[in-house]
Amino acid sequence: MLLLKDFFMQDAMSLAPQLLGKIIMVNHGNEMIISGQITETEAYCGLEDLGNHAKDGRRTPKNESMYLEGGHAYVYKCYGVHDMFNIVSGPAEVGEAVLIRAVAPIENIEQMQLNRNCIYDDYRLTGGPGKVCEALGITKNHDKMPLYADQSSIQIYDTGTIIENFVSGPRVGMSRHVGDCSNWPRRFYIAKNKYVSKPLNVWYDWEGN
DNA sequence: CCAAGGATACTC
DNA sequence: AGTATCCTTGGA
């Protein structure tokens, strides 16, 4: 079932774990569909979140799409090499998003392996935000695109299953941002899933224990 | 561990 | 214009 706009109209912190288990479907035309199940996400939320591109209400051409209504794509280039796929959450003008950090291949794993130039079928194929975009063929061209429309080339589907067996912990790559926010448990992934980028040594449950 | 890589944002 | 920074990856 295609997820509609309503689903994305919540804050990133609650949307991020709910996106686990959902299907990203990318339609490249000519019958070429690549899809994968979301296994790892990170929430970037609020003005006070130093890891958020929209911290302090910062607004530039690059992060402009974060201020769109929930359910739009925010794709940007990181380290000059890798594209990152985020899903904007909440109402327009807020500036929150969920980063998709890993997926499990569903349709067209052969094409993913071609795109990634490897023959793996584990975290080495799709475990990492840059790898997700490369495998699925998501680029900056998809920035600002709505994901909930019938004709969208990227859509998010609900399988009906709710992932309860997930882990939360600190986000990846936040070390430069001194302050509490580096350690906030805003990263979520499906427990013991082989497509997760960097499993934690110390595991937290949803209550933060 | 470290360098590549390029767009972007901030400082002159 | 010049430079530092960046939510990474792949290969020493």
Side-chain angles (χ1 to χ4, degrees), chain A residues 11-13 15-17 19-20 24 36 38-68 70 72-90 94-103 105 112-144 154 166-190 194-201 204:
Chain A
D11 57 86
M13 199 51 192
L15 185 63
L19 279 168
L20 295 175
I24 304 179
I38 298 172
T39 59
E40 181 178 353
T41 60
E42 276 180 3
Y44 287 87
C45 35
L47 307 178
E48 78 289 352
D49 180 355
L50 295 180
N52 189 353
H53 286 169
K55 66 187 172 197
D56 304 326
R58 180 207 300 260
R59 189 161 186 152
T60 67
K62 171 188 169 181
N63 72 5
E64 181 64 30
S65 22
M66 288 197 80
Y67 294 94
L68 294 170
H72 285 80
Y74 170 38
V75 186
Y76 68 93
K77 197 171 283 292
C78 183
Y79 294 93
V81 214
H82 309 287
D83 287 318
M84 305 279 144
F85 175 57
N86 301 254
I87 299 176
V88 178
S89 59
V94 172
E96 296 197 359
V98 176
L99 172 67
I100 306 302
R101 286 193 54 88
V103 300
M112 294 191 193
Q113 290 169 330
L114 278 174
N115 291 348
R116 294 265 309 119
N117 192 29
C118 74
I119 55 167
Y120 303 125
D121 179 22
D122 56 24
Y123 70 93
R124 290 170 292 185
L125 179 65
T126 51
K131 297 176 187 176
V132 167
C133 288
E134 198 175 15
L136 297 177
I138 297 174
T139 68
K140 276 206 77 173
N141 294 334
H142 296 103
D143 190 36
K144 292 188 168 63
I154 305 180
F166 66 82
V167 177
S168 67
R171 292 173 293 188
V172 175
M174 296 272 93
S175 51
R176 298 253 333 148
H177 301 288
V178 283
D180 295 341
C181 78
S182 329
N183 295 317
W184 292 342
R186 288 185 171 181
R187 174 183 182 223
F188 305 91
Y189 61 85
I190 300 178
K194 72 171 176 175
Y195 299 99
V196 167
S197 61
K198 293 173 183 169
L200 297 164
N201 297 324
Y204 303 76

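Below, read A as the first sequence line, B as the second, and so on, with proteins coming before strands; counting in each chain starts at 1.
When the C1' atom of C:dC6 is taken as reference, atom NZ of A:K55 falls 10 Å away, rounded to whole Å. The interatomic distance linking A:N86 (CG) with C:dC6 (P) rounds to 16 Å, in whole Å. If you measure from atom CG of A:D143 to atom P of C:dC7, you get 17 Å, rounded to the nearest angstrom. Protein atom CG of A:D83 is 13 Å distant from nucleotide atom P of B:dG6, rounded to whole Å.
Evaluation of the ring pair (Phe, Tyr, Trp, His ring centres under 6.0 Å) test over residues 113-138 of chain A, restricted to residues two or more places apart or in two chains, returns none.
In terms of the side-chain hydrogen bond (donor to acceptor under 3.5 Å, both in side chains) criterion, residue partners of A:E134 (sequence neighbours excluded) are, by chain and number, A:R116. Every side chain to side chain contact (heavy atoms under 4.5 Å, CB included) that A:S197 has, sequence neighbours left out, goes to A:E40, A:R101, A:R187. Considering only residues two or more places apart in sequence or on other chains, A:N86 meets the side-chain hydrogen bond (donor to acceptor under 3.5 Å, both in side chains) condition with none of them. A:E42 is linked by a side-chain hydrogen bond (donor to acceptor under 3.5 Å, both in side chains) to A:Y44, counting only residues two or more places apart in sequence or in another chain. The side-chain hydrogen bond (donor to acceptor under 3.5 Å, both in side chains) search around A:R59 returns A:E64, A:E93, not counting sequence neighbours. Under the side chain to side chain contact (heavy atoms under 4.5 Å, CB included) criterion, A:S89 pairs with A:A12, A:L15, A:E96, sequence neighbours left out.
Annotation: side chain of A:C45 is not in contact with side chain of A:D11 (no heavy-atom distance under 4.5 Å).
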Expected list for residues 75-84 of chain A: side-chain donor-acceptor pairs under 3.5 angstrom, two or more places apart:
{"residue": "A:K77", "atom": "NZ", "partner": "A:D83", "partner atom": "OD1", "Å": "3.4"}

### Contact state string [nucleotides 7-12 of chain B, B base, S sugar-phosphate only, - no protein heavy atom under 4.0 Å]
-SSS--
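Helical stems in DNA chain C, defined as runs of 3 or more consecutive Watson-Crick or G-U wobble pairs with both donor-acceptor distances under 3.5 Å, are listed by first residue as B:1-4 with C:8-11, B:6-11 with C:1-6.
What you find for A:G36 and A:L136 is that their closest heavy atoms are N-CD2, 4.4 Å.
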Find every protein N or O atom lying less than 3.5 Å from an N or O atom of nucleotides 8-12 of chain C, and list the pairs.
{"residue": "C:dT8", "atom": "OP1", "partner": "A:R101", "partner atom": "NH1", "Å": "3.4"}
{"residue": "C:dT8", "atom": "O2", "partner": "A:H82", "partner atom": "NE2", "Å": "3.0"}
{"residue": "C:dT9", "atom": "OP1", "partner": "A:P129", "partner atom": "N", "Å": "3.3"}
{"residue": "C:dT9", "atom": "OP1", "partner": "A:G130", "partner atom": "N", "Å": "3.1"}
{"residue": "C:dT9", "atom": "OP1", "partner": "A:K131", "partner atom": "N", "Å": "3.4"}
{"residue": "C:dT9", "atom": "O4'", "partner": "A:H82", "partner atom": "NE2", "Å": "3.2"}
{"residue": "C:dG10", "atom": "OP1", "partner": "A:R116", "partner atom": "NH1", "Å": "3.0"}
{"residue": "C:dG10", "atom": "OP1", "partner": "A:R116", "partner atom": "NH2", "Å": "3.1"}

